[in-house]
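So you know, we letter chains A, B, ... as the sequences are listed, proteins then strands, and number each from 1.
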Amino acid sequence: MGTFSSTHFLFLAVAALWTVALTAIAFIGGGLAGFAVALARISGNRILRGIAIVYIQIIQGTPLLILLFLIYFGVAVIGFKTVPALLAAGVGLTVYSSGFLAEIWRGCIQAVPKTQWEAAECLALTRWQRMTRVILPQALRMATAPTVGFLVQIVKNTSLASVVGFVELAQAGKLINNSIFEPFTIFIVVAGFYFAICYPLSLWSRSLERKLNVSHR
Amino acid sequence: MSATANLAPMAPGTDEATVTPLVRLANVQKSFGAVKVLDGVSFEVERGEVAVIIGQSGSGKSTALRCIDALEKFEQGTIHVCGHAVHDKDLDRRALRRDVGIVFQSYNLFPHLTVEQNIMLAPTCVKSMRKAEARELARTALARVGLADKATQYPEQLSGGQQQRVAIARSLAMMPKVMLFDEVTSALDPQLTAEVLKVMEGLARDGMTMILVTHEMGFARKVASKIIYMYRGKVWESGPASMLDQPQTKELSMFVGTGLK
Ligand SMILES: Nc1ncnc2c1ncn2[C@@H]1O[C@H](COP(=O)(O)OP(=O)(O)OP(=O)(O)O)[C@@H](O)[C@H]1O
Ligand SMILES: [Mg+2]
């Protein structure tokens, strides 16, 4: 027993770093996968498009908690004895993020007027050039704010990773509380850490939004 | 059709099998669903000619232009443009678009690029031109449309007329053999319209082959070497600009009567 000490604080700080790491994994992995899914979702190929639609629907219709359980226990069923917590949480959050980022980005790509595609086509650009030189740069402007917004959601959703045994910020708080039972103090500090991670992102998102609204379209 | 004079000398470097006419539509038929929009359209445009398509709203003028640039499929008929068989299943669209420039009513500039970058994009992407060379080309094209001082501005900082002139410069920079214009001044007020028309007049004088759709009848009379009057998806009447003064059909006569501004 004891009271909340600097050791506890340090323990939370390290857990906060794990939260950031998990967020980064989910965002980068989910970003890459989500971009591919977004492209598939708007491709000319009907089958590819169908697969992307189903994927997005399933991911968006499944609670993250269930997704994490499925990966954690599902892999065990397939034959692996134990899955490292980081791997299970990383994969779960990556899959989760990819489903949402794909849909955000698809919306942004399709929000670029069709006449822009046509103008680029009439200048003899290839499909790839049209995409990379004309459409994506414009879609990117629109996507920045909602993407950063979703990043904040990922930060908060990493707290669910505790269910597969991953010790991130929320789980660390729970562990400390189990030993010293000072829930109020502990969870205020935990909340403070979350705030310290999320608030700069929110500010950034808002400033980006403002900047992009003012400058070219 | 024979009444039109070939105004321009043979442009150098355009010698291949594209002997006149440069553009030929023969019996082109196109439907949107059950609606027949082009009902056997045929016309020819020789090198250096300025063909002006006129007609009521919905008569198929835009659709005809879009078919020429392979932006619309059509069910029947043939279109030849600068040696490209547009009706062919194996049409090389990119090769066609290197020879054909098109400008729309809504300028469709790329908003994330400066004026200069808008113009440089296609030459660098499509012709693998080096940046410096493309920039030089952009400056030349901009000077031609009277906007040499706007190179580093973004489209939204320009007036509608200026944006439309940039769109024309962007097309010109690809050195097309034919330019298509679809009501490029319809969104502009009279003064801005005049700026744009002046640029197009200059192109006509320089011998550019052009097909343009316009409601500016005064302008049509001035630049047209051939007028094509479309009515309900058909070429109803065509001939030299003087035909506007002696319409042969009551449809054109009514159109000219009411269409004059
Ligand atoms: N993408 C489309 N889908 C369905 N119908 C279309 C489409 N584009 C054009 N149409 C129809 O085809 C007909 C001809 O259209 P088009 O745009 O070629 O006429 P237009 O002569 O250019 O008219 P305007 O002077 O109004 O521009 C119209 O009845 C129009 O409603
Ligand atoms: Mg039209």
[X] atom [atom1], over 12 foreign heavy atoms within 6.0 Å:
X	atom1	result
A:W117	CH2	yes
B:E136	CD	no
A:R133	CZ	no

Using a cut-off of under 4.5 Å on heavy-atom pairs, state which of A:P137, A:A120, A:C122 scores highest against chain B.
->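 Between A:P137, A:A120, A:C122, the count favours A:C122.
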What part of [X] lies closer than 4.5 angstrom to a heavy atom of chain A: side chain, backbone, both or neither?
X	answer
B:F104	side chain
B:N108	both
B:L109	backbone
B:V103	neither

Looking at B:C125, B:G101, B:A122, which one has more heavy-atom pairs under 4.5 Å with chain A than the rest?
->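 Of B:C125, B:G101, B:A122, B:C125 has the most heavy-atom pairs under 4.5 Å with chain A.
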In terms of heavy-atom pairs under 4.5 Å, which option from B:K127, B:R66, B:M174 contacts chain A the most?
-> B:R66
Take the angle between the ring planes of A:F150 and A:F100 and call it parallel below 30°, perpendicular above 60°, tilted in between.
->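 Answer is parallel, since the angle falls under 30°.
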Can you check side-chain contact (heavy atoms from CB on, under 4.5 Å) on A:S202 and A:V152, steps first, answer last?
-> CA-CA 7 Å; A:S202 298; A:V152 172; 4.1 Å; yes
Among B:V50, B:V184, B:V145, which residue meets the side-chain contact (heavy atoms from CB on, under 4.5 Å) test with B:M200?
->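 Going through B:V50, B:V184, B:V145 one by one, the side-chain contact (heavy atoms from CB on, under 4.5 Å) with B:M200 is satisfied by B:V184 alone.
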